[in-house]
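Throughout, residue positions are numbered sequentially from 1 according to the sequence presented.
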Amino acid sequence: MIRFKQLSLFQGSLPLLQGVNQTLYPDQKLGIVGKNGCGKSSLFSMLRAELSPEQGELEFPPKWRISSAKQETPASPLTAVEYVLSGHQEYFDIQQALNLAEQQEDGLAIANQHARLDAINGWSLPATAAKMLTGLSFTEEQMASTVSELSGGWRMRLNLAQALIQPAELLLLDEPTNHLDLEAVLWLESFLRGYDGMLLTISHDRDFLDSFCSHILHFENQGITCYSGNYSQFEKQKNAREILQQAEFEKQQKEIEHLESFINRFKAKASKATQAQSRVKALDKMDKVSAVQIRQKFGFEFKPINKNITELVELNQVQAGYGDTVILQNIVMRIMAGQRIGLLGRNGEGKSTLIKVICGELEKQAGDLTHNKHFRAGYFAQHQVEQLNMDQSPIWHIQSLGDGISEQDARNFLGGFAFNGDKSLDKVQGFSGGEKARLVLAMITWQAPNLMLLDEPTNHFDIEMREALALALQNYDGAVILVAHDKNLLESVVDEFWLVNDGKVAPFKGDLNDYQRWLNDNRWSKEKNSSGHDSNNHDSSQSADNPAGLKSSSGSNSASNSSQNRKEQKRQEAELRKQKAPISNRLKKVDKDMLNLQQEKQSIEEKLADGQIYQEENKDELAITMNRSNEVSQLLDSLEEEWFELTEKLEAFN
């Protein structure tokens, strides 16, 4: 388990966390949410021992293996599959030792390393790596490519696969969907649902968090609160808590006002001085309830458009691609005013190519493409962030879109995108990725397009901005063509889907659930082809099974020489198991008791989140529930201490 004990963390002089007490358990899959800069990534740095808290402690078993995706991928001559396998440290160490043993022709060492490889099911790991890469949308050609030949986005997927294949008690994922397409996101959700271990995930994708999370860890007001359930359940619980907190705050404010009024009226009167002083002490001792802080909401909307336009774009037998390479052909498509299209298809099939041809950023190779004379496209893609002037402000960018735009008009408009006050005058150079993306979207919105073409618009947006974009698009009068891995955005905005596959573009009959079934049906044959070998084949000279290029060896000469050693080893192992048995049995009992108490705690939290319990007629039940809540917390604290002690004893044996 992971335990925070009075933990405080600062960024310079700015407090991120103060006096945090929290316990996380090994069976939990936790989504981590909170506004940017609140300390979410800093938690990962502390768990990886890259950062230390200023005060308090962050406890977890010292022998825990922690896996997380690297942020950088240097150029490497390893193939994609080999690079992923290099993330499995034990497999990598065995391969290195096996190479050395074969060079030295040491039969005993070779046999021992083969036994170690069998123990971790190492012969099937190359097939597992290939299956992971297939799930992350790699083609067979890309799997055989070297890391140096792959672009930055594909290298990030390699880092993710490397983290997933590594055995670990704790898996840390920081925005894992940012570089994925919808197909890869759906595969990752399925993988994480079956993940055996503790999982902490930072994400702004609510559907992604809904798909596998058992708990949500919310960073707010320099504290951390753990909620049971997925993101949707967290929202309901949080809203209920805020309603209760605000009611309690208002009630307490009236009490404070009453006390202060008495003190001010009678503190100068000798006959009432003692009573006034007692109220001063009562006021000082009062545990203050803070008011609920309402986060500023994004409030932008698209400008009205000419509703008399019916057809915006017509494509007839259009062919599209780059240079002599054909990506799409025979496209027949009519885009009407008010139409809402979601583009589906694997990465690299041509979704972005289609969008670029429609908006005119890419010239068609053949066929007819006709735009209405009033056609005005709003094209949003991540690469447009690079076209911003880093030395200028958001106001300058809006004013650059036309003549006569006043600073006040630009400032008012930018307020809907959370560029308020001095932020609208700051240089873009210091902005985060999300702020830059918001500015690009603001510039597009200002120009009142009648067709919005959005290519993965949410990569750098937090949950609030994603919801604001969905709401704005729902109220938008124009047409929308959307490519996104955010299922919530697709389901909120899109009325129909088109599938881009095998060089063709055609309507897709079904919803996202049907698309997932289509992917699964098509992935089976893809995975079979990708593995390219029998995973039970133990011939280590096969490069697919053995990226280190090892030679096979029977190790038969070592059998007779090592018989005595194996007997002694078995005797020692039996003795060790005998000593460990009572500790292991007690640890299982503690685990079971903690699980029961966690479930009871969750039930109590849900009860306390229900406003009915705070009614006057339920005050006795409230008192009983609060007392039991305290008892459960104390029992859990005691068992947690014992859990850490038992774990350390077992690790000492190991």
Does CG in Asn513 sit with more than 12 non-hydrogen atoms of other residues, nucleotides or ligands closer than 6.0 Å? yes

All pairs passing salt bridge (Lys or Arg N to Asp or Glu O under 4.0 Å) where residues 330-339 contributes a residue, at least two apart: Glu311-Arg334

Please indicate whether Gln387 has more than 12 foreign heavy atoms, meaning atoms of other residues, nucleotides or ligands, lying under 6.0 Å from its CD. yes

What's the spacing between Asn420 CG and Asn412 CG if we round to 0.5 Å? 10.0 Å

Any donor-acceptor pair under 3.5 Å linking the side chain of Asn372 with the backbone of His374? yes

Gln447 atom CD, over 12 foreign heavy atoms within 6.0 Å: yes

Quick one: does Thr177's side chain have a donor or acceptor within less than 3.5 Å of a partner on Leu180's backbone? no

Correct closest heavy-atom pair for Asn159 and Lys70 would be ND2-O, 3.1 Å

Nearest 0.5 Å, please: how far is OG in Ser393 from CG in Leu414? 8.5 Å

Nearest atoms (heavy-atom pairs only) where Cys359 meets Leu453: CB-CD1, 3.5 Å

So does Asn475 have more than 12 non-hydrogen atoms from other groups sitting under 6.0 Å from CG? yes

With Ser41 via side-chain contact (heavy atoms from CB on, under 4.5 Å) - residues at least two apart: Asp174, Ile202

Which heavy atom in Arg157 sits nearest to a heavy atom in Leu136, and how many Å separate them? NH1-O, 2.7 Å

For Lys436, all residues meeting salt bridge (Lys or Arg N to Asp or Glu O under 4.0 Å), sequence neighbours excluded: none

Okay, side chain of Asp521, backbone of Trp518: is any donor-acceptor separation there less than 3.5 Å? no

Measure from the side-chain N and O atoms of Lys40 to the backbone N and O of Phe219, and report whether any donor-acceptor pair falls under 3.5 Å. no

Does the side chain of Arg193 reach to within under 4.5 Å of the side chain of Ser211, using non-hydrogen atoms? yes

How many angstroms lie between atom CG of Leu199 and atom NE2 of His215, to the nearest 0.5 angstrom? 12.5 Å

Below 4.5 Å, heavy atoms only, C-beta onward: do Met443 and Ile398 meet side chain to side chain? yes

Quick one: salt bridge (Lys or Arg N to Asp or Glu O under 4.0 Å) pairs with a partner in residues 393-408, sequence neighbours left out? Glu407-Arg411

Measuring from atom CG of Leu217 to atom CD1 of Ile2, what distance do you get when rounded to the nearest 0.5 angstrom? 9.5 Å

Sequence neighbours excluded, which residues qualify as side-chain contact (heavy atoms from CB on, under 4.5 Å) partners of Lys427? none

Check whether any side-chain N or O of Lys29 sits under 3.5 Å from a backbone N or O of Tyr195 as a donor-acceptor pair, and report yes or no. yes

In short, Arg340 meets Gly478 closest at the heavy-atom pair NE-O, 3.6 Å

All heavy atoms of Gln233 vs all of Ser228, minimum pair found to be CB-O, 4.3 Å

For Leu30 and Met198: C-alpha separation, side-chain torsions, deciding distance, then whether side chain to side chain contact (heavy atoms under 4.5 Å, CB included) applies. CA-CA 8 Å; Leu30 298 114; Met198 189 175 188; 3.9 Å; yes

Heavy-atom side-chain proximity of Ile481 to Leu354 below 4.5 angstrom: no

Would you say the side-chain atoms of Asp181 pair up with the backbone N or O of Asn347, donor to acceptor, closer than 3.5 Å? yes

Is the closest side-chain heavy-atom distance between Leu482 and Pro457 below 4.5 Å? yes

Can you name the closest pair of heavy atoms from Asn488 and Ser492 and give their distance? O-OG, 2.7 Å

Under the side-chain hydrogen bond (donor to acceptor under 3.5 Å, both in side chains) rule, collect the residues that match up with Ser352, sequence neighbours excluded. Asp455

Around Gln317, counting heavy atoms of other residues, nucleotides and ligands shown, do more than 12 lie under 6.0 Å from its CD? yes

Under the side-chain contact (heavy atoms from CB on, under 4.5 Å) test, which residues partner Ser45, sequence neighbours left out? Arg48, Glu50, Leu51

Beyond-backbone contact of Ile444 with Gln384, side-chain heavy atoms, under 4.5 angstrom: yes

Does some side-chain heavy atom of Leu328 sit less than 4.5 Å from a side-chain heavy atom of Val357? no

Heavy atoms of other groups near Glu491 CD, more than 12 under 6.0 Å: yes

Rounded to the nearest 0.5 Å, what's the gap from CZ on Phe234 to SG on Cys213? Could you check? 11.0 Å

Answer yes or no: are there more than 12 heavy-atom neighbours, outside Lys601 itself, under 6.0 Å from its atom NZ? no

Can you list, pair by pair, the side-chain donor-acceptor contacts under 3.5 Å of residues 496-510, counting residues two or more places apart and other chains?
from, atom 1, to, atom 2, distance (Å)
Glu496, OE1, Trp498, NE1, 3.1
Glu496, OE2, Gln339, NE2, 2.9

Quick one: list whatever passes side-chain contact (heavy atoms from CB on, under 4.5 Å) with Val313, sequence neighbours left out. Leu315, Ile335, Ile358, Leu369, His371, Phe375, Leu451

Do Asp205 and Lys487 have side-chain heavy atoms sitting under 4.5 Å apart? no

Just by distance, do the side chain of Asn230 and the backbone of Leu209 share a donor-acceptor pair under 3.5 Å? no

Would the distance check show the side chain of Glu314 and the main-chain N or O of Thr370 forming a donor-acceptor pair, the cut-off being under 3.5 Å? no

Given the rule in the side-chain hydrogen bond (donor to acceptor under 3.5 Å, both in side chains) test, do Asn520 and Gln516 qualify, once you have shown the distances and angles that lead to the verdict? CA-CA 6 Å; Asn520 292 337; Gln516 186 161 12; 5.2 Å; no

Determine whether Asn389 and Val428 make a side-chain contact, defined as any pair of heavy atoms from C-beta on separated by less than 4.5 Å. no

ring-ring contact (aromatic ring centres under 6.0 Å, His included): which pairs involve residues 456-481, sequence neighbours left out? Phe302-Tyr476

In short, salt bridge (Lys or Arg N to Asp or Glu O under 4.0 Å) pairs touching residues 227-236 with sequence neighbours left out are Arg206-Glu235

Once side-chain hydrogen bond (donor to acceptor under 3.5 Å, both in side chains) is applied, do any residues pair with Tyr322, and if so which ones, sequence neighbours excluded? Thr353

Any donor-acceptor N or O pair under 3.5 Å, side chains His485, Glu456: yes

Please check if the distance between the ring centroids of Phe419 and Phe431 is under 6.0 Å. yes

Given 3.5 Å as the limit, does a donor-acceptor pair link the side chain of Ser424 with the main chain of Ile395, or not? no

Check: Ser232 main-chain N/O paired with Asp210 side-chain donor or acceptor under 3.5 Å: yes

For the CD atom of Gln392 and the OG atom of Ser400, what is their distance to the nearest 0.5 Å? 9.0 Å

